[in-house]
Amino acid sequence: CARPSSSKPVDLNTHITSELSKLAATYKSKNDTWRSVGYERAIAAIRNYSKEITSREEALAIPGIGGRLADKIAEILESGRLRKVAEVCEGEEAETLRLFLGVWGAGPSTAQAWYLQDFRTLDDLRTKATLTRHQQIGLKHYDDINSRIPRSEVAEIEEHVREATLSLVRGAEVLVCGSYRRGKPTCGDVDVLITHPDGQSHELIFRPLLVRLRESGFLTDDLVTQEDNGNQKKYLGVCRLPGEGRKHRRLDVIVVPYQERATALMYFTGSAHFNRSMRLLATKKGMSLSEHSLRAGIVRQVCVCSARNRAVLKVFVDYLFPETCGC
Ligand code: DCP
Ligand code: MG
Ligand code: MN
């Protein structure tokens with residue numbers, strides 16, 4: 001939900017989830033999706049548990065926690081740490097892969113390939129590796145891109161993009177989604193959603209806005225411009241606010257038609273894990289959810305307001321209007 005973080009249940013098991021997070025991240029960096037998703041699910045289950053876990057049995061009783069995971073939890077309870085973390089997450093290879101994965105445009109396979117080519121530092125990459133255009137940008141802004149953005153700066157960036165948008169088309173809506181809208185204290189990037197309530201003027205925004213922001217020096221590097229995703233247009237790039245001492249920040253902008261606003265807002269607010277759960281829930285109910293729409297089966301295109309679909313719709317509405325959902 002997009003509720004303030006202050007009203008979230010307190011995670012009383014951070015000593016457990018922080019250890020498991022290290023494993024999830026390392027398996028992800030090694031392209032071991034199976035294990036990393038498994039640990040992420042367990043972490044989500046533990047975060048949802050409102051009490052402090054005090055025993056193996058208690059852990060085992062939590063839905064989604066099996067025997068082997070309960071053993072690991074027991075080890076953390078006893079010793080405060082997990083031997084497996086040292087085994088899997090520490091050491092030269094894991095640390096180098098982590099370093100390389102910080103290069104925007106480099107995934108686990110690339111990081112692994114660089115490691116196998118005996119590259120160990122960012123300087124090795126700069127001088128010896130063959131880099132894509134994206135990776136060159138990622139490397140150039142490595143430190144900036146990998147530092148978290150305080151909420152106050154996200155708000156400044158939002159305002160900057162809003163002013164530029166409104167100077168092009170009056171009445172446009174500009175809203176930061178992503179981790180910012182989920183109330184996180186700091187963000188990895190800035191995810192701006194733009195639409196227009198008249199249902200048409202959004203079409204006039206995308207390219208002119210990018211031109212304007214480039215000309216003013218706000219956009220410093222373009223990564224990906226995607227205009228063929230249905231009616232939604234997406235830009236991924238790097239920006240920097242005017243003034244001394246500002247960092248380069250990753251900026252994502254999507255421009256969407258007003259009729260897709262609700263589903264786009266939900267998708268772009270995330271989290272990615274939440275989106276996966278919602279899509280799965282929709283599928284279980286014979287529907288299909290994307291950033292474009294919520295639809296009843298592809299065969300029978302029934303209106304989502306039919307009685308059969310009200311349960312899904314309620315979850316959907318609760319999400320969009322959390323102040324009324326009482327969760
Ligand atoms: N998203 C998704 N699946 C992905 C990537 C993104 O559903 N594989 C959606 C959910 C995310 C939103 O897009 O919340 C924005 O993506 P980000 O990568 O910017 O993620 P966050 O804003 O959630 O976190 P961060 O603070 O790291 O930017
Ligand atoms: Mg984000
Ligand atoms: Mn993003």
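Order of appearance sets the numbers: ligands from 1, and atoms from 1 within every ligand.
The protein non-hydrogen atom at the shortest distance from atom 26 (O) of ligand 1 is S179 OG, 2.5 Å. With respect to atom 9 (C) of ligand 1, the closest heavy atom belonging to the protein is Y267 O, 3.3 Å. In terms of protein heavy atoms, atom 23 (O) of ligand 1 is closest to R182 NH1, 2.8 Å. If you check which protein heavy atom lies closest to atom 12 (C) of ligand 1, you get F268 O, 3.3 Å. Closest to atom 3 (N) of ligand 1, if we only count protein heavy atoms, is A272 CB, 3.6 Å. When hydrogens are left out, the protein atom nearest atom 20 (O) of ligand 1 is D191 OD2, 4.6 Å; that is the closest non-hydrogen contact. At the shortest separation from atom 28 (O) of ligand 1 among protein heavy atoms lies D189 OD1, 2.7 Å.
Ligand 1 has a nitrogen or oxygen under 3.5 angstrom from a nitrogen or oxygen of N275. Some N or O of G188 is nearer than 3.5 Å to an N or O of ligand 1, by distance alone.
Between atom CZ of residue R56 and atom CD1 of residue I65 there is a gap of 11.5 Å, rounded to the nearest 0.5 Å. The distance from atom CG of L101 to atom NZ of K30, rounded to the nearest 0.5 Å, is 11.5 Å.
Using a 4.0 Å cut-off between heavy atoms, K184 makes no contact with ligand 1 at all.
The shortest side-chain heavy-atom distance between L175 and L265 falls under the 4.5 Å cut-off. At least one side-chain heavy atom of I194 sits less than 4.5 Å from a side-chain heavy atom of V253.
The Mg ion (ligand 2) has an N, O or S atom of D189 inside 2.8 Å of it.
Near G178, with a cut-off below 4.0 Å to any heavy atom, the atoms of ligand 1 are 22 (O). Atoms of ligand 1 lying under 4.0 Å from any heavy atom of C187, numbered from 1 in the order shown and given with element: 26 (O).
Side-chain atoms of T195 and R261 form no donor-acceptor pair, as typed in the model, at a separation below 3.5 Å. S79 and E75 share no side-chain donor-acceptor pair at under 3.5 Å.
The nearest protein heavy atom to atom 7 (O) of ligand 1 is closer than 4.0 Å.
Between the side chain of N146 and the backbone N or O of G102 there is at least one donor-acceptor pair closer than 3.5 Å. The backbone N or O of S288 sits nowhere less than 3.5 Å from a side-chain atom of R295 that would complete a donor-acceptor pair.
Judged by the 6.0 Å and 45° rule, R240 forms no cation-pi pair with F218.
Residue-level check: among N/O/S atoms of D189, OD2 sits closest to the Mn ion (ligand 3). Closest to the Mn ion (ligand 3) among the N, O or S atoms of D252 is OD2. In D191, the N, O or S atom that comes nearest to the Mg ion (ligand 2) is OD2. Within D191, the N/O/S atom positioned nearest the Mn ion (ligand 3) carries the name OD1.
For the pair T269 and ligand 1, a heavy-atom separation below 4.0 Å is found.
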Subject >> Candidate pair T269 and R181, rule side chain to side chain donor-acceptor pair (under 3.5 Å), full reasoning >> reply: CA-CA 6 Å; T269 300; R181 190 157 181 269; 2.9 Å; yes
Original post:
Going through the distances and angles, do E260 and Q232 end up as a side chain to side chain donor-acceptor pair (under 3.5 Å)?
Top reply: CA-CA 9 Å; E260 295 184 12; Q232 299 191 8; 2.9 Å; yes
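Counting non-hydrogen atoms of other residues, nucleotides and ligands closer than 6.0 Å to NZ of K28 gives a total of 12 or fewer.
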